[in-house]
Amino acid sequence: MSITSAFFDIDGTLTSFTAHEVPASTLRALKALRESGVRIFICTGRSPSQAIKVLDTIPVAFDGYVTYNGQYCLLDEHPDEQGTAQSAGEGIRRSRVIAKHPLDREDLALILDWLAAHPTVVSNFGERDYVYFNQVDEQMRATWRSLGKTAPKVYVDSPRRALDHPTYQVSPYITAEEEAALVATLPHVTGVRWHPAFTDLIPADGGKPAGMRVFLDHFGLDMADAIAFGDGGNDITMIEAAGIGVAMGNATENVKAAADHVTDDVDHDGIANALRRFGAL
């Protein structure tokens with residue numbers, strides 16, 4: 001197949017949980033894809049503002065940015081502008097929103113009621129430019145420490161503001177069993193989990209493939225000609241949707257089972273090796 005687009009998760013895919021940086025081989029691969037005419041996209045569960053923490057370290061702009069697991073998509077209309085300080089961070093800052101899909105207010109009210117009935121549960125709330133927690137505890141701090149230097153700043157605020165501000169994702173620190181029970185009460189919500197400590201609650205008709213389709217339709221490209229890279233549970237639908245779905249060597253077993261190909265881990269040239277394997281480099 002001829003690869004015309006490539007989608008990349010951030011945490012555990014572009015960056016590792018050990019080095020907390022994008023490997024040099026991955027940076028070279030991203031530049032080579034751009035030079036060959038392949039459209040490249042970020043496809044992350046992070047918010048735009050939290051993604052910038054990593055994107056500022058990538059010296060290449062992407063064509064677009066799928067954030068909040070598909071719920072907020074930004075298009076960079078000038079990704080090939082030259083400049084010595086050009087980076088993916090600059091790219092997302094100058095991008096314009098081409099699709100957004102916040103959580104339903106009815107569902108948000110139900111989530112807040114559930115949290116009120118479970119007052120010790122920590123939860124993250126994501127708006128366009130503001131991401132905050134209802135409270136913090138040691139488990140939350142541990143997950144933030146695992147992100148190392150890519151960890152965004154922590155804010156704490158009242159979750160009631162979610163009823164008055166478009167909110168694209170809510171991430172409570174709950175078990176898979178608690179997630180299933182909570183989602184069963186939410187008419188328009190599903191959960192996608194990339195970490196054992198918490199889940200990302202998003203619109204049921206959303207997800208990373210929905211964000212991918214926004215850009216594929218915009219550029220007139222086919223999903224069958226797309227390659228996607230991921231490592232966590234929230235990447236499974238993206239990997240299944242793409243013509244070639246690649247699981248990183250450090251991916252969880254359920255992601256590997258869903259993939260067409262399992263490459264090396266992020267710190268051992270996994271992205272570059274897979275792109276060579278499929279003739280994109």
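Keep in mind the model is a prediction, meaning the values are calculated, not measured.
Dense packing is recorded around NZ of K256, with more than 12 heavy atoms of other residues, nucleotides or ligands lying under 6.0 Å away. Residue-environment remark: OH (Y155) stays at or below the threshold of 12 foreign heavy atoms within 6.0 Å. The local environment of NE2 in H268 is sparse, with at most 12 non-hydrogen atoms from other residues, nucleotides or ligands closer than 6.0 Å.
Counting only distance, with no hydrogens or angles, the side chain of R39 and the backbone of T4 share no donor-acceptor pair below 3.5 Å. S36 places a side-chain N or O within 3.5 Å of a backbone atom of L33 that can act as its donor or acceptor partner. Remark: the backbone N or O of G232 is paired with a side-chain donor or acceptor of D235 at under 3.5 angstrom. When atom types are taken as modelled, the side chain of D222 and the backbone of A224 share no donor-acceptor pair closer than 3.5 angstrom.
The closest side-chain heavy-atom distance from D265 to S16 is not below 4.5 Å. You'll find the side chain of R46 stays beyond 4.5 Å of the side chain of T67, heavy atoms only. Residues L74 and R96 form no side-chain contact, since every pair of their non-hydrogen atoms from C-beta on lies 4.5 Å or further apart. Side-chain contact check for K100 versus R128: every heavy-atom pair is 4.5 Å or farther apart. Between F41 and S5 there is a side-chain heavy-atom pair separated by less than 4.5 Å. Between L103 and Y68 there is no side-chain heavy-atom pair separated by less than 4.5 Å. You'll find the side chain of Q169 reaches within 4.5 Å of the side chain of N69, heavy atoms only. Residues V214 and V66 form no side-chain contact, since every pair of their non-hydrogen atoms from C-beta on lies 4.5 Å or further apart.
Between the CZ atom in R93 and the OG atom in S87 there is a gap of 6.5 Å [rounded to 0.5 Å]. The structure places NE2 of H218 at 4.5 Å from CG of L75, a figure rounded to the nearest 0.5 Å. Between atom CG of residue D104 and atom OG1 of residue T167 there is a gap of 11.5 Å, rounded to the nearest 0.5 Å. To the nearest 0.5 angstrom, N273 atom CG is 9.5 Å from L281 atom CG. Distance CG/N234 to OG1/T199: 9.0 Å, rounded to 0.5 Å. Distance check, rounded to the nearest 0.5 Å: CZ of R28 to CG of L275 gives 12.5 Å.
A274 and V246 make their closest contact through CB-CG1, 4.0 Å (heavy atoms, listed as atom of the first residue, atom of the second, distance). Scanning all heavy atoms of the two residues, the minimum distance from A272 to S25 falls at CB-O, 4.0 Å. When every heavy atom of Q71 is checked against every heavy atom of G206, the shortest pair comes out as OE1-CA, 3.7 Å. Residue A228 comes nearest to M212 through the heavy atom pair CB-CE, 4.5 Å, listed as atom of the first residue, atom of the second, then distance. Closest approach of P172 to V121, counting heavy atoms only: CB-CG1, 4.3 Å. Considering all non-hydrogen atoms of both residues, L27 and P59 come closest at CD2-CD, 3.6 Å.
Note on I244 and F7: separate hydrophobic clusters, where clusters join Ile, Leu, Val, Met, Phe, Trp and Tyr whose side-chain heavy atoms are under 4.5 Å apart, directly or indirectly. Cluster membership for F8 and V266, using ILVMFWY side-chain heavy atoms within less than 4.5 angstrom, is shared. A chain of hydrophobic side-chain contacts below 4.5 Å, direct or via other Ile, Leu, Val, Met, Phe, Trp or Tyr residues, connects Y65 to Y72. Linking ILVMFWY residues whenever their side-chain heavy atoms come closer than 4.5 Å, directly or via other members, places L30 and I10 in the same cluster. Linking Ile, Leu, Val, Met, Phe, Trp and Tyr whenever their side-chain heavy atoms come within less than 4.5 Å leaves I98 and I92 in two separate clusters.
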Q) Does the side-chain contact (heavy atoms from CB on, under 4.5 Å) test come out yes or no for L14 and I42, once each step is laid out? A) CA-CA 9 Å; L14 288 178; I42 290 293; 3.5 Å; yes

(Q) If you apply the rule side-chain contact (heavy atoms from CB on, under 4.5 Å), what do you find for D9 with D231, and how did you get there? (A) CA-CA 8 Å; D9 174 50; D231 72 296; 2.8 Å; yes

**Q.** Stepwise side-chain contact (heavy atoms from CB on, under 4.5 Å) test for I271 and M248
**A.** CA-CA 8 Å; I271 287 176; M248 305 302 293; 3.9 Å; yes

(Q) Would F215 and D63 count as a side-chain contact (heavy atoms from CB on, under 4.5 Å) here? Give the steps. (A) CA-CA 9 Å; F215 288 110; D63 292 281; over 6 Å; no

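In this structure, V136 belongs to a hydrophobic cluster whose other members, linked by side-chain heavy atoms under 4.5 Å apart, are F17, V122, F133, M140, W144, L147, V154, V156, Y173, W194, F198.
Taking the centre of each ring, H165 and F125 stay at or above the 6.0 Å mark.
Checked by atom type, the side-chain pair S123/N134 shows no donor-acceptor distance below 3.5 Å. There is a side-chain donor-acceptor pair under 3.5 Å between D267 and T18. Checking S95 against D76 by side-chain atom types alone, no donor-acceptor pair falls below 3.5 Å. Side-chain atoms of D205 and H101 include a donor-acceptor pair closer than 3.5 Å. When only modelled atom types and interatomic distance are considered, R193 and T252 share no side-chain donor-acceptor pair under 3.5 Å.
Using a cut-off of 4.0 Å between Lys/Arg side-chain N and Asp/Glu carboxylate O, E240 and K208 are scored as not salt-bridged. Between D264 and R277 there is no salt bridge, since no side-chain nitrogen of the basic residue lies less than 4.0 Å from a carboxylate oxygen of the acidic one.
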In a table with atom names and distances, give each donor-acceptor pair under 3.5 Å that connects a side chain of residues 183-190 to protein atoms at least two apart or in another chain.
unit_1	atom_1	unit_2	atom_2	d
T185	OG1	L182	O	2.6
H188	ND1	D107	OD2	2.9

